[in-house]
Amino acid sequence: MTRRTAASANDTSPISQTDRLRIEAEERMHAEHQRRTARVVAAAAQDAEDCRMLLDILGLDTDVVAAARIERATSVPRRRRSAA
């Protein structure tokens with residue numbers, strides 16, 4: 001994940017606090033999207049080689065997969081709704 005929390009933009013103008021917070025929020029959202037994608041790919045893959053190939057095609061590296069594993073291991077399992 002690329003961090004862009006520098007004190008100034010490319011044109012050397014300062015980045016406002018609001019812009020910096022927005023950038024950080026977008027980076028968190030992007031990282032979450034990548035972790036979810038890795039979990040979906042892993043669940044749908046036929047085997048480990050298929051999973052590796054699909055993750056590679058999507059450009060998801062081992063850091064994303066490791067973060068998805070950690071997130072899954074520490075999350076509270078969701079209960080499925082029963083059909084009423």
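Taken from OG1 in Thr18 to CD1 in Ile23, the straight-line distance is 11.0 Å, to the nearest 0.5 Å. The CG atom of Leu60 sits 14.5 Å away from the CZ atom of Arg52 when rounded to the nearest 0.5 Å. To the nearest 0.5 Å, atoms CZ (Arg35) and CD1 (Ile70) are separated by 10.0 Å. One finds the CG atom of Leu55 at 9.5 Å from the CG atom of Asp50 (value rounded to the nearest 0.5 Å). Atom CZ of residue Arg69 and atom CZ of residue Arg39 lie 13.0 Å apart, to the nearest 0.5 angstrom.
With a 6.0 Å radius and a threshold of 12 heavy atoms from other residues, nucleotides or ligands, Gln46 has its CD atom at or below the threshold.
In this structure, Asp19 contributes its side chain and Arg22 its backbone to no donor-acceptor pair below 3.5 Å.
At a threshold of 4.5 Å between side-chain heavy atoms, the hydrophobic network of Ile, Leu, Val, Met, Phe, Trp and Tyr places Val65 and Leu58 in one connected group.
Salt bridge Glu32/Arg36: present, at least one basic N to carboxylate O contact under 4.0 Å.
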key: Residues Glu24, Arg20; criterion side chain to side chain contact (heavy atoms under 4.5 Å, CB included); working and verdict   = CA-CA 6 Å; Glu24 289 173 359; Arg20 190 176 60 76; 2.7 Å; yes

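Looking at every heavy atom in both residues, Ala38 comes nearest to Val64 through CB-CG1, 4.2 Å.
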